[in-house]
Amino acid sequence: MPRLQIDKLDTKILQMLVDNGRKPFLEIARECGVSGAAIHQRIAKLQATNILEGSRALIKPTTLGYDTCAFVGVFLKDPEKFGDIIEKLKTVPEVVECHYTTGQYDMLVKIYARDNEHLLHLIHDKLQPMGMLRTETLVSFREVFSRALPVGKNNE
């Protein structure tokens, strides 16, 4: 997919939204020195070109009782069933990410569980029956940091 070019105003808008996804458009407009309508148009363009994909609230999993984070490397029985398994994984709310990967795994899945027992239940009773040959699990002790990609570093 070709990279879309963004200018300095787009870059500034994106950085403000990364810093605060709830920042009002009129406040962004004031800081950028343009009209509110211009900001609406720019954001609509960024969304239409898939540079900007909506916004979402980030919830700390531990505050909801999900104390275990794990990355599960998945080996499929039949790699041609990848699409079917993806659809099945989407039905498991504790599965928050799924990546098709190179290397030894067919896919890598990120899961949040209440505890190790819940993680075991998710892997053995929900995931493996979907068509997985076997899995390898890495438990995260703690997320050290998570951040958005830098905006505009290669566009200036």
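Every heavy atom of this structure was used, including side-chain atoms; hydrogens, water molecules and symmetry mates were not.
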Partners meeting side-chain contact (heavy atoms from CB on, under 4.5 Å) with Leu149 (sequence neighbours left out): none
ring-ring contact (aromatic ring centres under 6.0 Å, His included) partners for Phe71, two or more places apart: none
Close side-chain approach of Met130 and Val92, heavy atoms under 4.5 Å: yes
Leu14/Leu52 under side-chain contact (heavy atoms from CB on, under 4.5 Å): CA gap, chis, key distance, verdict: CA-CA 8 Å; Leu14 287 170; Leu52 180 62; 4.2 Å; yes
Non-hydrogen side-chain atoms of Leu133 and Asp106 separated by less than 4.5 Å: no
side-chain contact (heavy atoms from CB on, under 4.5 Å) against Val96, all qualifying residues, sequence neighbours excluded: Lys110, Tyr112
Other residues, nucleotides, ligands: >12 heavy atoms within 6.0 Å of Gln104 CD: yes
Inter- and intrachain pairs under ring pair (Phe, Tyr, Trp, His ring centres under 6.0 Å), touching residues 13-34, at least two apart: Phe25-His40
From Glu94 atom CD to Ile111 atom CD1, the distance as rounded to the nearest 0.5 Å: 8.0 Å
Distance in Å, Leu120 CG paired with Asp115 CG, rounded so as to fall on 0.5 Å steps: 10.0 Å
Pairs flagged by salt bridge (charged side-chain N to carboxylate O under 4.0 Å, His left out) wherever residues 43-54 is involved - sequence neighbours left out: Asp10-Lys45
Shortest non-hydrogen contact between Thr137 and Ala70, atoms and distance: CG2-CB, 3.8 Å
Residue pairs fulfilling salt bridge (charged side-chain N to carboxylate O under 4.0 Å, His left out) with at least one residue in residues 137-147, sequence neighbours excluded: none
Sole residue of Ile28, Leu46, Val151 in side chain to side chain contact (heavy atoms under 4.5 Å, CB included) with Leu17: Ile28
Residues that Phe82 engages under side-chain contact (heavy atoms from CB on, under 4.5 Å), provided they are two or more places apart: Leu76, Ile86, Tyr100, Met107
Listed once per pair and sorted, the salt bridge (charged side-chain N to carboxylate O under 4.0 Å, His left out) pairs that draw on residues 76-90, sequence neighbours left out: Glu87-Lys90
Pairwise salt bridge (charged side-chain N to carboxylate O under 4.0 Å, His left out) hits with a residue in residues 12-24, at least two apart: Lys23-Glu27, Lys23-Glu31
Sequence neighbours excluded, every pair satisfying side chain to side chain donor-acceptor pair (under 3.5 Å) that has a member inside residues 121-131: His121-Asp125, Gln128-Thr135
Set of residues satisfying side-chain hydrogen bond (donor to acceptor under 3.5 Å, both in side chains) with respect to Gln41, sequence neighbours excluded: none
Gly36 versus Leu26, closest heavy-atom pair with distance: CA-CD2, 3.9 Å
Full working for side-chain contact (heavy atoms from CB on, under 4.5 Å) between Met16 and Cys32: CA-CA 10 Å; Met16 285 186 209; Cys32 291; 3.5 Å; yes
Verdict with supporting geometry, Arg42 and Asp7, side-chain contact (heavy atoms from CB on, under 4.5 Å): CA-CA 11 Å; Arg42 290 293 185 119; Asp7 63 18; 2.8 Å; yes
Closest contact, heavy atoms only, Ile85 versus Gly131: CD1-O, 3.9 Å
Cluster overlap Val72 with Val95, hydrophobic side-chain contacts below 4.5 Å: yes
ILVMFWY network linking Val139 to Ile123, side-chain heavy atoms under 4.5 angstrom: yes
Partners passing side-chain contact (heavy atoms from CB on, under 4.5 Å) against Ala113 (at least two apart in sequence or in another chain): Thr68, His118, Leu119, Leu122
